[in-house]
Amino acid sequence: LPLNGAARDEEDSMDLVQHYLEDYYNLAKDAKQFAKRKDSSPVVKKIQEMQKFLGLKVTGKLDSDTLQVMRKPRCGVPDLGE
Amino acid sequence: FRTFPGMPTWRKTHLTYRIVNYTLDLPRDAVDSAIEKALKVWEEVTPLTFSRICEGEADIMITFAVRKHGDFFDFDGPGKVLAHAYPPGPGINGDAHFDDDEQWTKDTSGTNLFLVAAHELGHSLGLQHSDKPEALMYPVYNSSTDLARFRLSQDDVTGIQSLYGPPPASPDDPVKPTESARPQTPAKCDPTLSLDAVTTLRGEILFFKDRHFWRKSLRTLEPGFYLISSFWPSLPSGMDAAYEVTSRDIVFIFKGKQFWAIRGNEVQAGYPRGIHILGFPPSVKKIDAAIFDKQKKKTYFFVEDKYWRFDEKKQSMDPGFPRQIVEDFPGVGPKVDAVFEAFGFFYFFSGSSQLEFDPNAKKVTRILKSNSWFHC
């Protein structure tokens, strides 16, 4: 069934974040269901790492400022090395 | 700034580049010119030089491509990823790829090719992404960049010079006068160098000049050279005076009728404040120099040919001031640009001269050049 608007937006954001963290912050590809996990999850830590690197407020949460920066065009080289 | 793992760099200073194909968004000469200009950005701050070849394998191969294009990182259509590039090395390394699903433009109405190329070529030379939003090497494209005033940030310059060093100085190059109001980058060994302000900070000495400062540790011979804005973005350039209250781990910075307080690289909240709250009369429009006497817990403020004494414990001006500088600091003045304390001596700067003053003996013990601390 088609998702309603709000649910679709949220799902799109989750996809964006997952791919963003995988592509630029070396998040393991099998880190699923990341949005529902506790603060200690590797995904939350990656979000915090990304927020710190991009000069955003470090919350570990996907606030609107964070999503806004992630939607901006950028260079494809990962931000952090292995 | 960051470099790639293993710090790959080019082992030669002359590099070749080739524009393998062109986008249809721009005339060819506009692409050529954007790439040339982007290379020049890095050429100006390093010993590196670039020449273009039109066939064969160049160190830096520049291509426009869409979606899958023969490497491990496919492009993704319009928006999101604009380009990518590889660190120095043979083969694909050093190469820069631009997503031709973007709308490449000369201005910022679309995606500006020069800005993206300058960033990607930074990768081609060995710089990873910077976490400084003002840096060219910050990963997110900034469409509000002022192209007419484009310049590398201090972070970019420090980064690339950590890999290749600064450009070689040529004694044959005449110093060109500029009509711009922007001050020239000061040369530390210029015999006519004068300084705006000098202060200690956590055991180091900071020498301020226009938009820059030299940071000198007593453990190292060569001072570092930085933009003031790269450490304290809200501080003014061309400051008048600075002094450190070591017991409070605070440096006060003065410009005109205002002053700021910094602790390390943080400007303290509640500043700038007006200098008159310190007890100066309204006739004082600026402070020339200031120094904190650790022994007496007093700060001396020098204004024209007079000085005031401020009690840091009472947080008030001592009565009986101002006094003539020459009366209590014989041999100094009548006017000073900057002053700081080291090894129990006060070092007064005036124009290109520096006086070492012994506050106990109350006499000048040495006359030096203003840049005597810079290992010229």
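Chain A is the first sequence line, chain B the second, and so forth, proteins listed ahead of strands; every chain is numbered from 1.
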Check: A/Pro78 main-chain N/O paired with B/Gln128 side-chain donor or acceptor under 3.5 Å: yes

Side-chain contact test, heavy atoms from C-beta onward, threshold under 4.5 Å: evaluate it for B/His129 versus A/Phe53 and give yes or no. yes

Just to be sure I understand the criterion: a residue of residues 78-107 of chain B counts if one of its heavy atoms is under 4.5 Å from a heavy atom of chain A. Which ones qualify? B/Lys80, B/Val81, B/Leu82, B/Ala83, B/His84, B/Ala85

How about residues 10-46 of chain B versus chain A: which residues have heavy atoms under 4.5 Å apart? none

Cut-off 4.5 Å, heavy atoms of chain A, and the answer for B/Phe4 is side chain

A/Asp79/B/Arg2 under side chain to side chain contact (heavy atoms under 4.5 Å, CB included): CA gap, chis, key distance, verdict: CA-CA 9 Å; A/Asp79 296 339; B/Arg2 283 158 208 240; over 6 Å; no

May I have all residue pairs that pass side-chain hydrogen bond (donor to acceptor under 3.5 Å, both in side chains) and include part of residues 260-270 of chain B, sequence neighbours excluded? none

Residues of residues 135-145 of chain B under 4.5 Å from chain A (heavy atom pairs)? B/Tyr138, B/Pro139, B/Val140, B/Tyr141

